[in-house]
Amino acid sequence: MEGQQIGAYLIEQKLGEGGMGAVYLATHTLMGTRAVVKVLLPSLSTNPEVAQRFINEARSASNIRHRNIVTVHECGRRHGEPCRGMERI
């Protein structure tokens, strides 16, 4: 995934992977800012309920401003897999 582009984000390196998704350090190519991109695992992306939950979580988090909650900047899909661009902390 390193070196690939997801939306406006250029993926630099994988930071980690959990039960639901993989997280990557990225740079927003237009703004020049560092961010984190989370991509739902391919094995879960085929489950419509899980994919919708991932998107709903991003939508909900994007409406919250709190110092203990990461800001979600955008949400979309890459080759059918839900993903989201988030604040790097």
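Throughout, numbering of the chain's residues begins at 1 and tracks the sequence.
Rounding to the nearest 0.5 Å gives a distance of 11.0 Å between NE2 of His73 and OG of Ser62. Note: Leu15 CG to Lys38 NZ = 12.0 Å, rounded to the nearest 0.5 Å. Distance CD/Gln4 to CG/Leu10: 9.5 Å, rounded to 0.5 Å. Note that CZ of Arg53 is 9.5 Å distant from CG of Leu40, once rounded to the nearest 0.5 Å. In this structure, CD1 on Ile69 lies 11.5 Å from CG on Asn63, to the nearest 0.5 angstrom.
Judged by distance alone, with hydrogens and angles left aside, the side-chain atoms of Gln5 form a donor-acceptor pair with the main-chain N or O of Gly7 at under 3.5 Å.
Hydrophobic clustering of Ile, Leu, Val, Met, Phe, Trp and Tyr side chains at less than 4.5 Å, counting indirect connections, keeps Val70 apart from Ile11.
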Solution key, residues 81-89 side-chain donor-acceptor pairs under 3.5 Å, sequence neighbours excluded:
unit_1, atom_1, unit_2, atom_2, d
Arg84, NH1, Phe54, O, 3.0
Arg84, NH1, Glu57, OE2, 3.3
Arg84, NH2, Glu57, OE2, 2.5
Glu87, OE1, Thr71, N, 2.9
Glu87, OE1, Thr71, OG1, 3.4

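Shown here are the salt bridge (charged side-chain N to carboxylate O under 4.0 Å, His left out) partners of Arg34, two or more places apart in sequence or in another chain: Glu12.
The closest side-chain heavy-atom distance from Val23 to Val37 is not below 4.5 Å. Using a 4.5 Å cut-off on side-chain heavy atoms (C-beta onward), Glu17 and Leu41 make contact. With a 4.5 Å cut-off on side-chain heavy atoms, Tyr9 and Thr27 do not count as touching.
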When you look at Tyr24 and Met1, which way does the side chain to side chain contact (heavy atoms under 4.5 Å, CB included) test go after all the steps? CA-CA 9 Å; Tyr24 299 90; Met1 185 81 89; 3.7 Å; yes

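Sparse packing is recorded around CE of Met31, with 12 or fewer heavy atoms of other residues, nucleotides or ligands lying under 6.0 Å away.
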